[in-house]
Number of protein chains: 2
Amino acid sequence: MGRFSASAKKVSGPRTGAAGRKMPAKSVAERIQRGDLFAVSCPSREVMKHITSSWGVLVLIALRDGTLRFSELRRKVAGVSERMLAQTLQWLEGDGLVERHAYPVVPPHVEYTLTPMGEEAAALVAGLGDWIEQNVTKMPSFRD
Amino acid sequence: MGRFSASAKKVSGPRTGAAGRKMPAKSVAERIQRGDLFAVSCPSREVMKHITSSWGVLVLIALRDGTLRFSELRRKVAGVSERMLAQTLQWLEGDGLVERHAYPVVPPHVEYTLTPMGEEAAALVAGLGDWIEQNVTKMPSFRD
DNA sequence: GTCTATAACTGACTATTAGTAAGTACGCAC
DNA sequence: GTGCGTACTTACTAATAGTCAGTTATAGAC
């Protein structure tokens, strides 16, 4: 990680909190090393969609307890259809956050596990979920 | 906050990380004091939808820099339409995360600011956004 | 005078995605 | 034999995201 130049060091501050500032020109290394949620076509937008989708949030949180089968996930994440669960898991697998392990048996037996990177994401997501659960009762919309 | 009984204290642990465990019976006070993202009809699901929507995430992060006008937000959050921006801000205002201040002038002059509660949510959201930006380049989908 | 730009929405409509229902093959229980 | 469970996929419908046009008043350019 010592590959950054001096100007790269400047940009590596709290980038997200500096959304309103003019971004300094990015070197090629910077462009390759980091996404930018505020850029319309940045791939990070797609990943964010997957992670922050309703089902994505709940699946990541549920998997924090350890490996789960498709049907176990289906039951824990109340309200999700098989269709949406399958799609969500495909996305998260494609993002490298979830590992899928299929056994060569019938009926199908498939297990899903968080990758190390998935565990990081899930921890952040769980923190947000926790915050929402703790604060929802204070919200005006809740009192209506 | 000393109102919780002993059994309530037990439940107040890392609730989100315990998604797989059987939840002990909740007292009335507990039910009123905390939402549950894993319950289909809990209001916290709606709040989560607002906060974790693509535009919700970006608006919250953008407002961390301070008060912004509608048009300023429109420009910072690249790709958002006025329609979606207006709707997102309505949601976040209804959730008590954003304050709207309209001046009695023409053309309209409206400013949006994070509430203290909104600042908490935005900090968590920004942390997640930061993580996504930092890690998107490591993802298999990014390499395809 | 007309035209354009600005601001911050809202309503009508279209496009896209979420969600519903049915289907698949096999083993087991009744 | 029927029904259930498993983990998806396909075809279709419902809901939401997104597009477009409209609103009011003012300032500035022509």
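The sequence lines fix the lettering, A, B, ..., with proteins before strands; numbering per chain opens at 1. Just so it is clear, the values below take in all heavy atoms, side chains as well, and ignore hydrogens, waters and symmetry mates.
- Atoms NE2 (A/H50) and C1' (C/dT17) sit 12 Å apart, rounded to a whole Å.
- Here the CD-CD distance, from B/E99 to B/E93, works out to 8.5 Å after rounding to the nearest 0.5 Å.
- Contact annotation for B/R69: backbone-only contact, meaning every heavy-atom pair under 4.0 Å involves sugar-phosphate atoms and none involves a base.
- Here the side chain of A/S44 pairs no donor or acceptor atom with the backbone of A/G35 at under 3.5 angstrom.
- Nucleic acid contact class of B/Q90 (heavy atoms, under 4.0 Å, all strands): sugar-phosphate only.
- For B/Q87, the side-chain atoms get nearest to D/dA17 when compared with the rest of D/dC8, D/dA17, D/dT6.
- One atom, CD of A/E72, and another, P of D/dG5, lie 14 Å apart when rounded to the nearest Å.
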Evaluation steps, salt bridge (charged side-chain N to carboxylate O under 4.0 Å, His left out), between A/R34 and B/E133:
CA-CA 6 Å; A/R34 180 171 180 124; B/E133 288 177 335; 2.7 Å; yes

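- Ionic pairing of B/R64 and B/E119 is not present here: no N-O contact between side-chain nitrogen and carboxylate oxygen is shorter than 4.0 angstrom.
- One atom, CZ of A/R75, and another, C1' of D/dA7, lie 12 Å apart when rounded to the nearest Å.
- Between the side chains of A/T52 and B/T52, no donor-acceptor pair is found at a separation under 3.5 Å.
- Taking atom CZ of residue A/R100 and atom C1' of nucleotide D/dA7, one finds them 8 Å apart after rounding to whole Å.
- Distance NE2 (B/H109) to C1' (D/dT24): 17 Å, rounded to an integer number of Å.
- Whole-Å rounding puts the A/R74 CZ to D/dT6 C1' distance at 12 Å.
- Under the 4.5 Å side-chain criterion, counting only non-hydrogen atoms from C-beta, A/D130 is not in contact with B/L37.
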Protein N or O to nucleotides 19-26 of chain C N or O, pairs below 3.5 Å:
residue : atom : partner : partner atom : Å
C/dG19  : OP2  : A/W55   : NE1          : 2.6
C/dT20  : O4   : A/R83   : NE           : 3.3

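- Distance, B/Y103 OH to C/dC9 P: 13 Å, rounded to whole Å.
- Distance B/E111 CD to C/dA8 P: 9 Å, rounded to the nearest Å.
- With hydrogens and angles ignored, the 3.5 Å screen pairs a side-chain donor or acceptor of B/T115 with a backbone N or O of B/G96.
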